[in-house]
Amino acid sequence: QVQLAESGGGLVQAGGSLRLSCVASGHTFSNYVMGWFRQAPGKEREFVGAIRWWGGSTSYAEFVEGRFTISRDNAKNTMYLQMNSLKPEDTAVYYCAVREGWSTPPNQYEYDFWGQGTQVTVSS
């Protein structure tokens, strides 16, 4: 049973930083990609970025503008999202997801398993 568990969300002031974590367990993919998505109230879930587990290459949505960094710790089966220079518009529930393969599509429907999400609130 594949399980993804996010943590690290919270309330932060604009300009501040947060680091989200996502621990993955139970999958048997040999090549896989893990991604971060977010969903603000009343909006569609949108792609934040993703990382190829083997090799560590990353891709990001344009709105990230160099403020966010995705990394992973192989030994801990954990992916991270370091978010700096946070803005009120970054307020959302952040989800991690995993898909088998090498590509890093921005389409949420191409990801196979999802975590429950963690709330990030940025105050102005």
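Quick note: numbers below take in every heavy atom, side chains included, and nothing from hydrogens, waters or symmetry partners. Quick caveat: nothing in here was measured; it's all calculated off a predicted structure.
Rounding to the nearest 0.5 Å gives a distance of 9.5 Å between CG of L18 and CG of L81. For the atom pair CD of Q116 and CD of Q3, the computed distance is 9.5 Å after rounding to the nearest 0.5 Å. Rounding to the nearest 0.5 Å places CD1 of I70 at 11.0 Å from OG of S57. A distance of 6.0 Å separates CG of L86 from OG of S17, quoted to the nearest 0.5 Å.
At most 12 non-hydrogen atoms from other residues, nucleotides or ligands lie less than 6.0 angstrom from CD of Q13.
Side-chain contact between M83 and V120 is present, with at least one heavy-atom pair separated by less than 4.5 Å. The side-chain heavy atoms of E6 and S21, taken from C-beta on, include no pair separated by under 4.5 Å. Between R99 and S103 the shortest side-chain heavy-atom distance falls below 4.5 Å. Side-chain contact between Y32 and D112 is absent, with no heavy atoms from C-beta onward closer than 4.5 Å. Side-chain atoms of N31 and W53, non-hydrogen and from C-beta on, never get closer than 4.5 Å to each other. Between Y80 and R72 there is no side-chain heavy-atom pair separated by less than 4.5 Å.
The shortest heavy-atom contact between T104 and S59 is OG1-OG, 3.0 Å. In this structure, A92 and A40 approach most closely via the heavy-atom pair CB-N, 3.8 Å. In terms of heavy atoms, M34 sits closest to A24 at CE-CB, 4.0 Å. Nearest heavy-atom pair, V23 versus K76, reported as atom, atom and distance to 0.1 Å: CG1-O, 4.3 Å.
Between the side chain of T121 and the backbone N or O of L11 there is no donor-acceptor pair closer than 3.5 Å. A donor-acceptor pair is defined here as one N or O able to donate and one able to accept, closer than 3.5 Å; no such pair exists between the side chain of T91 and the backbone of E89. Judged by distance alone, with hydrogens and angles left aside, the side-chain atoms of E46 form no donor-acceptor pair with the main-chain N or O of R38 at under 3.5 Å. R52 places a side-chain N or O within donor-acceptor distance of the main-chain N or O of W102, the cut-off being under 3.5 Å.
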Practice task
With side chain to side chain contact (heavy atoms under 4.5 Å, CB included) as the test, would you mind laying out the steps for F68 and N84 before giving the verdict?
Solution key: CA-CA 6 Å; F68 297 176; N84 300 326; over 6 Å; no

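Partner M79 forms a side-chain contact (heavy atoms from CB on, under 4.5 Å) with one of I51, D73, V98 and no other, that one being I51.
Cation-pi contact between R67 and Y60: absent, since separation from the ring centre below 6.0 Å together with deviation from the ring axis within 45° is not met.
Cluster partners of Y95 are V33, F37, F47, V93, Y111, W114, counting Ile, Leu, Val, Met, Phe, Trp and Tyr whose side-chain heavy atoms approach within less than 4.5 Å, directly or via other members.
Salt bridge annotation for K87-E65: present, with a cationic side-chain nitrogen under 4.0 angstrom from a carboxylate oxygen.
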